[in-house]
Amino acid sequence: MSPMTSQPPSQPWRDGLSEAARVVWAKHDFDSDGWLPLYRHMADSAFVAGRLWDEWVPRQVREHIATALPGGEDDARRLVTFVTAIHDIGKSTPAFSCQVEQLAAHMRAQGLDMPLEKQMADRRLAPHGLAGQLILRDRLMEEYGWRMPKTHQLTVIAGGHHGVPPTDSAVQELDERWNLLRAPGSADAWKRVQTELLERAEHLTGVDERLSEWRALALPQTVQVLLTALVIMADWIASNSDLFPYFPGERNTDPERSETAWRLLDLPAPWVPETSEETVTELFASRFDLPEGARPRPVQEQVVEAARALEGTGLMIVEAPMGEGKTEAALAAAEILAAATGVGGCFVALPTMATGNAMFGRFTSWLGRLPGMPEEAASIFLAHSKAHLNEEFAAYLGGGPRLAADTDRDADDDPGGAALVAHRWLRGRKKGMLASFSVGTIDQLLFTGLKSRHLALRHLAMAGKVVVIDEAHAYDTYMNTYLDRALTWLGRYEVPVVILSATLPTARRRELVQAYTGAKKADHPEVEEARAYPLITTVGPEKAPRLYEPKASGRTTDVLVEPIDDELTVLTERLDRELSEGGCALVIRNTVARVHEAAGHLRGHFGEKSVTVAHSRFLDLDRAERDALLLRTYGPPAKVDELGGCRPERHIVVASQVVEQSLDVDFDLLVTDLAPVDLVLQRMGRLHRHPRGEGQSERPTSLRTARCLITGVDWTKNPPEPVRGSRTVYGEYPLLRSLAVLLPYLEAEDDTGRTVRLPDHISPLVQDAYRETGDYEALAPAGWARALKDAGEADETHRSKKAREARDFLLGPVARDGRAIIGWVDAGVGDADDDRRGRAQVRDSGESLEVLVARRYADGTVTTVPWLEGGRGGVPLPTDSVPAPRGVRALAASGLRLPYQFTLSGRVLDQAIAELENDVIEAWQAKEAHWIAGELILFLDEDDRAELAGHRLHYTESDGLEVTRAE
């Protein structure tokens with residue numbers, strides 16, 4: 001341990017300092033006119049950094065940093081506390097100190113001269129982070145003999161502690177303005193103070209004994225990023241005046257002050273995973289809520305064995321059918337890999353907020369059974385912009401030790417249990433992912449590949465966890481560009497990663513391995529050549545990939561597929577015939593407009609109550625209730641019973657893609673628009689998903705064979721032509737490739753030829769549809785080659801364009817060791833937030849216009865929409881004052897994403913925003929209404945209608961939002 005650990009946290013930093021060094025200030029509280037000396041903030045920051053290192057930083061992160069230093073972990077701790085202590089040394093400059101004339105006068109009295117602030121027009125060239133970088137650089141060169149190029153890898157940490165490492169040009173420009181660092185006429189006095197403060201930090205953190213030896217360092221960029229993140233984190237904590245209050249005079253040096261602050265912060269410790277010696281069966285029985293007598297499936301057993309064989313960090317790709325328990329297998333692997341590597345948490349990334357919400361309860365149930373959890377509480381976070389609407393997550397917002405103390409848990413009865421808390425400090429868009437355990441959208445991971453402010457914090461958050469990526473096939477070229485770059489950095493951080501997919505093309509499998517390991521495309525051909533299914537691929541640092549071929553569970557579903565015309569009368573007649581004995585049908589459309597069109601026509605025949613609609617264009621609360629209703633009605637029989645649901649005798653659900661991944665639902669018959677073949681197979685996974693026998697609403701006799709009817713195609717053309725909406729959503733080429741592999745089944749004359757067997761046919765169909773080749777003749781049925789070639793070339797052009805667009809703000813790859821992260825996020829996007837603009841930066845979806853919806857009556861009064869449940873409907877929303885908290889929360893939960901009409905056209909989008917901004921209510925912008933302040937509000941009239949940017953909007957509780965052109 002460094003000398004820092006044996007020193008009181010405050011007194012030594014002051015003792016012996018010159019009066020000149022004592023009056024240099026770090027912070028000023030303009031309300032109380034109090035000020036905090038720089039040496040005091042240095043002491044506070046170093047103290048926090050030491051405590052973070054000892055009590056919060058996971059073992060894997062500590063080891064990653066320690067490996068880069070000759071003295072191992074002892075060197076690492078010294079370095080962490082040192083770079084944190086001196087991060088604000090740039091405040092001991094004229095360019096910073098001139099800002100508060102009252103304090104500047106004290107410094108002038110000690111010989112530290114400086115011009116008035118208004119006389120230093122160029123002081124913007126010397127932000128204190130960059131100034132500190134140059135001051136430390138000169139110190140390392142003059143006192144410890146470092147060569148200038150070597151200094152940058154260490155000094156850039158001070159330069160980047162406000163979230164953006166400086167650029168080479170900024171360094172050069174300040175180098176030419178030395179008067180900003182040391183005022184002419186008193187340059188020696190300034191230099192003495194800077195040196196005195198640096199010497200104090202060097203001595204008290206113990207680096208004065210090490211800096212000469214560190215001259216030969218070649219710090220990996222990953223280490224530089226982690227050190228920067230720890231400095232940022234320690235600085236934010238030490239700058240919190242609620243924890244470290246400003247006191248007049250010497251009270252700021254009270255030795256108990258820092259200890260009290262750390263106790264008040266009460267930051268939850270990381271998970272310390274334990275190596276499990278349990279058999280696979282024992283492991284699953286103790287971690288998951290399995291039915292009595294259930295045994296792990298072969299895929300799950302093989303995943304556990306493969307994780308144990310990795311013996312440390314690595315990448316695991318699990319390809320297995322829907323319903324094989326991949327999620328439980330991934331969590332079991334995460335526990336094993338965490339114990340082997342020493343990470344302190346887990347992050348599960350999913351495609352959408354809905355899938356994240358659905359995962360959250362399963363995730364917390366697993367956490368409650370994990371060994372090695374912190375004794376008091378473990379930190380948890382739901383990582384998406386609407387997390388506050390999730391009632392289960394909201395239950396963890398009670399705050400730190402109070403929630404842990406109030407948790408009703410008997411340690412003797414449940415030794416593996418732990419309290420979970422959404423800790424008050426570990427919340428928000430930049431700090432939330434620092435929690436030990438998190439579930440969220442894939443955006444959180446993609447942001448680690450996006451050049452943005454405070455990116456180092458996102459890297460620290462990921463570096464200390466096992467990362468699980470679910471539904472890996474769900475991401476397009478644009479998103480995959482960011483995902484691959486994120487994987488590249490995760491590989492260099494030695495973060496264990498588990499990737500799950502039911503339908504993964506072999507080329508994509510190879511790209512994932514290549515991104516994580518840094519291998520070249522020609523390396524490891526066996527990864528792309530493997531055709532087994534299920535398949536588990538693992539690869540570790542400097543290890544060749546290993547392929548496992550577990551058996552399927554034996555659960556198979558034979559699905560008869562056939563084409564059906566796209567006429568609504570044909571659909572209605574067919575459903576009437578198929579459901580003559582009862583049964584539940586799922587009709588999936590690729591656009592919401594087609595959902596509404598089909599539902600309206602079917603209701604005219606079957607009746608209003610016999611047809612339910614599900615899509616993404618509902619209010620947040622309505623969408624959540626609709627998902628819950630589908631689970632209560634069509635979920636696993638045991639779940640339906642548990643939730644008090646009842647499966648109807650005959651019903652039709654007309655849905656968009658929202659049912660593909662987020663819902664465990666089971667239907668007797670499927671009608672689906674043509675989609676890329678992997679998504680068609682995902683949709684088939686909603687057919688006969690759960691066994692149902694006597695007493696569990698048995699399937700009608702005519703529907704005991706699973707059937708999938710494929711529509712949304714003009715079958716009279718050659719090649720058949722998908723409808724326009726499907727081509728807009730997916731592109732023509734993937735749809736034609738899907739048709740090409742499905743055509744033999746669709747044209748077969750008997751049931752044997754029409755049968756798609758799940759899971760046996762999943763991999764062959766997906767690999768054939770995504771096979772990379774320029775031989776269109778070999779891919780196409782007779783007469784298709786020309787159309788396929790034209791569509792293929794257009795698709796390649798489109799994907800190349802999207803990849804180029806994604807690279808505009810793409811973080812660079814990891815550079816060689818010793819290369820400083822100067823300019824690391826230059827020309828970035830600024831802040832990357834998990835909001836509509838932030839998501840648009842890593843998703844090729846355009847800027848999505850999101851509004852909150854309220855009702856405005858003819859007399860001008862405003863309420864929340866009246867049908868919301870739980871007392872949230874019809875709550876008054878006064879326009880001349882801040883609404884009551886109940887109304888604010890209900891309105892915040894009434895978010896609605898407007899459709900493509902308001903994103904594809906810049907003119908329409910701009911007009912819509914302008915019209916909505918005209919309706920802004922000033923009283924709602926107050927701090928007390930922070931959940932709705934700054935949001936755009938769409939006011940519906942008493943008939944739930946509105947006009948916006950030349951479009952008519954109509955919202956109904958049953959069908960969600962419908963949009964038509966006003967003309």
Side-chain angles (χ1 to χ4, degrees), residues 31 163 236-237 239-243 353 356-357 379-400 402-403 421-435 438 440-441 443-444 453-454 457 619-621 624 830-839 847-856 862-865 868 870-873 875-897 913 916-939:
D31 292 332
W236 286 359
I237 293 171
S239 297
N240 186 324
S241 57
D242 290 334
L243 298 173
M353 294 183 195
N357 287 335
S379 55
I380 191 167
F381 188 64
L382 180 58
H384 62 67
S385 60
K386 298 184 184 298
H388 62 282
L389 304 180
N390 184 290
E391 292 183 1
E392 185 172 1
F393 176 63
Y396 297 117
L397 296 174
R402 291 188 301 277
L403 181 62
V421 58
H423 189 271
R424 57 192 175 278
W425 197 86
L426 295 171
R427 296 182 200 166
R429 55 191 173 88
K430 293 183 178 180
K431 298 185 293 185
M433 284 298 295
L434 292 167
S438 50
T441 60
D443 308 79
Q444 301 295 335
R453 191 176 185 88
H454 291 112
L457 284 176
L619 300 185
D620 291 329
L621 284 171
D831 285 324
D833 298 338
D834 184 21
D835 57 14
R836 57 188 173 90
R837 290 187 178 88
R839 290 189 295 272
E847 185 176 347
S848 177
L849 185 57
E850 202 164 332
V851 297
L852 303 180
V853 178
R855 176 181 280 186
R856 181 153 51 197
V862 176
T863 70
T864 59
V865 292
L868 300 179
R872 292 176 285 202
V875 178
L877 299 172
T879 57
D880 58 352
S881 62
V882 175
R886 182 167 62 102
V888 170
R889 289 193 295 269
L891 181 58
S894 301
L896 175 68
R897 190 168 299 168
I913 292 174
L916 291 166
E917 286 179 341
N918 285 335
D919 265 341
V920 166
I921 296 176
E922 289 301 325
W924 295 2
Q925 310 310 308
K927 183 179 180 181
E928 296 85 349
H930 64 275
W931 278 358
I932 60 174
E935 299 292 337
L936 298 173
I937 313 295
L938 175 68
F939 292 100

For this session: Taking all heavy atoms of V882 and all of P878, pick out the closest pair and write down the distance.
Result: O-CG, 4.4 Å
Exercise. Is there side-chain contact between K927 and H930, with at least one heavy-atom pair below 4.5 Å?
Worked result: no
For this session: Give, for atom CG of D620 and atom CG of L896, the distance between the pair rounded to the nearest 0.5 Å.
Result: 8.0 Å
For this session: Mind checking side chain to side chain contact (heavy atoms under 4.5 Å, CB included) for A854 and listing every partner two or more places apart, or none if nothing turns up?
Result: V862, L877, L891, I937, F939
For this session: With sequence neighbours left out, write down each residue that passes ring pair (Phe, Tyr, Trp, His ring centres under 6.0 Å) with W931, or none if nothing qualifies.
Result: H388
Seminar exercise, completed: Here the pair of heavy atoms bringing T879 nearest to A923 is O-CB, 3.7 Å
Seminar exercise, completed: Hits for side-chain hydrogen bond (donor to acceptor under 3.5 Å, both in side chains) against D919, two or more places apart or cross-chain, chain-then-number order -> R856
Exercise. Closest heavy-atom contact between M353 and T441?
Worked result: N-CG2, 3.6 Å
Exercise. Just wondering, do F381 and F393 contact through their side chains at under 4.5 Å, heavy atoms?
Worked result: yes
Seminar exercise, completed: Rounded to the nearest 0.5 angstrom, the CD1-CG distance for I380 and L426 is 12.0 Å
Seminar exercise, completed: CG (L397) and CZ (R427) are apart, to the nearest 0.5 Å, by 5.0 Å
Exercise. Mind checking whether T864 and R872 have side chains closer than 4.5 Å, heavy atoms only?
Worked result: no
For this session: Write down the atom of G934, the atom of Q925, and the distance for their closest heavy-atom approach.
Result: N-OE1, 2.7 Å
Exercise. For R889, which residues count as a salt bridge (Lys or Arg N to Asp or Glu O under 4.0 Å) partner, sequence neighbours excluded?
Worked result: none
Problem set entry | Donor-acceptor pair between H384 and N390 side chains, under 3.5 angstrom | no
Problem set entry | Qualifying residues under side chain to side chain contact (heavy atoms under 4.5 Å, CB included), relative to R855, sequence neighbours excluded | Y857, T863, P866, W867, D944
Seminar exercise, completed: Shortest non-hydrogen pair, A435 vs S379, comes out as CA-OG, 3.4 Å
For this session: Go through the steps to decide whether L457 and W236 satisfy the test side-chain contact (heavy atoms from CB on, under 4.5 Å), and finish with yes or no.
Result: CA-CA 12 Å; L457 284 176; W236 286 359; 3.4 Å; yes
Problem set entry | Those residues that, when tested against A624, pass side chain to side chain contact (heavy atoms under 4.5 Å, CB included) (two or more places apart) | none
